[in-house]
Amino acid sequence: MRPDARAWFEHRTTSATSLAEIDVDALLLAKRRGGHRISVVLPARNEETTVGVLVRDLVTRWVQDVPLVDELLVVDSNSTDATAEAARAAGAEVVAAGEVLPCYGDRPGKGEALWKSLAATTGDLVVFMDSDLLGDVGHYVPGLLTPLLLDPRVEYVKGCYTRPLTVDGVHRPVGGGRVTELTARPLLNALWPELAGFVQPLGGEYAGRRSVLEQVPFVSGYGVEVGLLIDLLRICGLQGLAQVDLGTRTHSHQTDVALGKMAGQIVSTVLSRAERGRPARGRLEPGGLLTQFAHDGSGFVPTSHSVAVDERPPMAAVEEYAVLRAGVVG
Ligand SMILES: O=c1ccn([C@@H]2O[C@H](COP(=O)(O)OP(=O)(O)O[C@H]3O[C@H](CO)[C@@H](O)[C@H](O)[C@H]3O)[C@@H](O)[C@H]2O)c(=O)[nH]1
Ligand SMILES: O=C(O)[C@H](O)COP(=O)(O)O
């Protein structure tokens with residue numbers, strides 16, 4: 001690892017692997033003293049089997065029993081199942097991504113749901129969590145908030161964890177995060193070696209100050225995490241970023257074919273950032289198309305999918321958002 005990345009890793013990684021490691025009273029005090037308002041956002045597409053349990057646990061722990069979280073929003077990302085109903089019944093506020101800033105239309109993808117969530121929430125600190133998490137993750141929210149609440153230099157915190165992998169009924173305690181290991185990490189190490197200290201650059205659990213989140217574009221699909229990391233590095237510098245070890249993360253896994261498309265979006269996102277600042281002449285022009293092959297018994301069958309990414313502008317540049325914020329702040 002490059003010396004700056006190693007120094008960052010050693011000084012900016014903290015541990016919150018269980019509630020026993022977290023001083024919740026100190027967080028509440030810091031929240032009160034700093035006058036913070038805290039929003040938790042869960043993007044969800046067809047997560048009816050997991051979102052209810054997750055939301056109920058979060059609401060019970062961090063809204064009702066301990067007043068850490070002020071609003072908990074599930075952004076329904078074009079689900080075709082009962083995700084919205086399950087989340088609402090469990091105590092979340094639920095909004096469909098397409099209903100937020102409707103004049104901007106409705107694009108598919110996780111990043112779109114996260115971008116819209118900035119306009120649908122009011123906290124100055126925003127925590128993002130996936131809604132397909134399994135197991136006990138009750139410490140994730142306070143764990144992610146600890147660096148933000150206790151260290152004013154920190155602008156953005158990324159969770160990290162070990163990742164079990166269960167495929168075809170076979171369980172392994174590690175080995176999850178296949179796109180991370182085979183695509184995102186090699187790309188980041190090659191092009192942004194200062195980010196090499198991030199253990200889980202694609203992880204879906206992170207938190208940041210609204211003041212920086214609204215200054216960066218959001219890639220609409222699965223490129224959103226790697227895009228945020230690269231863009232927030234530019235705005236906050238390495239010292240404004242932190243990571244916290246949350247222990248273990250278990251979630252539902254996608255097929256290899258689906259992960260191939262995700263990897264294609266990661267590549268498109270990273271290339272779009274690598275091209276910034278280069279003269280138009282001589283720029284790489286990524287094809288934005290991924291061709292995958294299946295064998296049908298008699299021969300290979302190619303299927304092509306778009307992995308081009310589009311992105312939303314920094315929320316701070318959106319006029320309707322400025323009006324909404326004026327209502328909140330004023
Ligand atoms: O169009 C979509 C697709 C997904 N999701 C939600 O986003 C979260 C993560 O999606 P998932 O398909 O489970 O992603 P993973 O296979 O777990 O991918 C990992 O890598 C992705 C790329 O960085 C990250 O976005 C994920 O958070 C991270 O867990 C889940 O709550 C989904 O319901 C949406 O809201 N809209
Ligand atoms: O982060 C990743 O690389 C993807 O979410 C894939 O994770 P998995 O290999 O644990 O399914």
Side-chain angles (χ1 to χ4, degrees), residues 1-17 21-23 125 127-128 140 143-163 173-209 211-213 215-219 222-249 262-263 265-279 282-284 286 314:
M1 212 188 312
R2 227 168 71 164
D4 54 349
R6 176 171 292 283
W8 177 87
F9 172 76
E10 283 167 3
H11 295 110
R12 283 278 191 244
T13 307
T14 51
S15 182
T17 59
E21 281 191 274
I22 300 170
D23 186 344
L125 303 181
V127 182
F128 298 102
Y140 277 23
L144 288 164
L145 285 167
T146 297
L148 284 172
L149 283 169
L150 302 186
D151 185 346
R153 294 169 302 178
V154 174
E155 310 272 11
Y156 183 72
V157 182
K158 189 91 195 172
C160 67
Y161 11 65
T162 53
R163 298 180 58 171
V174 291
R178 292 163 287 175
V179 177
T180 302
E181 300 306 333
L182 300 176
T183 304
R185 195 186 308 289
L187 274 173
L188 285 175
N189 275 258
L191 296 169
W192 278 274
E194 60 271 56
L195 293 175
F198 280 88
V199 179
Q200 294 293 342
L202 300 189
E205 290 67 43
Y206 38 93
R209 299 188 195 277
S211 53
V212 297
L213 293 170
Q215 287 180 50
V216 287
F218 275 58
V219 174
Y222 283 121
V224 62
E225 279 78 22
V226 77
L228 282 174
L229 209 52
I230 294 167
D231 294 343
L232 287 168
L233 172 68
R234 192 163 46 91
I235 288 195
C236 309
L238 201 50
Q239 295 314 318
L241 310 179
Q243 83 181 335
V244 58
D245 181 354
L246 298 172
T248 302
R249 174 187 197 257
M262 178 191 288
Q265 293 188 14
I266 304 295
V267 170
S268 298
T269 304
V270 171
L271 287 181
S272 70
R273 269 112 188 109
E275 287 297 287
R276 276 187 192 146
R278 278 168 51 116
R283 267 191 206 159
L284 291 172

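Remember, predicted model here, so these are calculated numbers, not experimental data.
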To the nearest 0.5 Å, tell me how far L229 CG sits from R273 CZ.
11.0 Å
Quick check: closest heavy atoms across T180 and P186, and the distance to 0.1 Å?
O-CD, 4.0 Å
Determine yes or no for a side-chain-to-main-chain donor-acceptor pair under 3.5 angstrom, with R12 supplying the side chain and G240 the backbone.
no
CD of E225 to CD of Q265, rounded to nearest 0.5 Å, is 11.0 Å
Nearest heavy-atom approach of I230 to V270 is CD1-CG2, 4.3 Å
Judged by atom type as modelled, is there a donor-acceptor pair below 3.5 Å linking the side chain of W8 to the main-chain atoms of L241?
yes
Which atom pair, heavy atoms only, marks the closest approach of L233 to L238?
CD1-N, 3.6 Å
CZ/R234: more than 12 non-hydrogen atoms of other groups inside 6.0 Å
yes
Any idea which heavy atoms bring T269 and G223 closest together, and the distance?
OG1-CA, 3.3 Å
Answer yes or no: is there a donor N or O on one side and an acceptor on the other, between the side chain of R6 and the main chain of G197, under 3.5 Å?
no
When rounded to the nearest 0.5 angstrom, what is the spacing between CG in L188 and OG1 in T183?
10.5 Å
Is the side chain of R185 donor-acceptor paired with the backbone N or O of P201 at a distance under 3.5 Å, no angle test?
no
Just do the side-chain contact (heavy atoms from CB on, under 4.5 Å) check on R163 and V174 with the steps written out, would you?
CA-CA 5 Å; R163 298 180 58 171; V174 291; over 6 Å; no
Shortest non-hydrogen contact between L144 and G159, atoms and distance:
CD2-N, 3.7 Å
Using the ring of each side chain (for Trp, its six-membered ring), is Y206 parallel, tilted or perpendicular to Y156, with breaks at 30° and 60°?
tilted
For side chain to side chain donor-acceptor pair (under 3.5 Å), just list the numbers for R249 and Q200, CA-CA rounded to whole Å, side-chain angles, deciding distance to a tenth of an Å, and then say yes or no.
CA-CA 11 Å; R249 174 187 197 257; Q200 294 293 342; over 6 Å; no
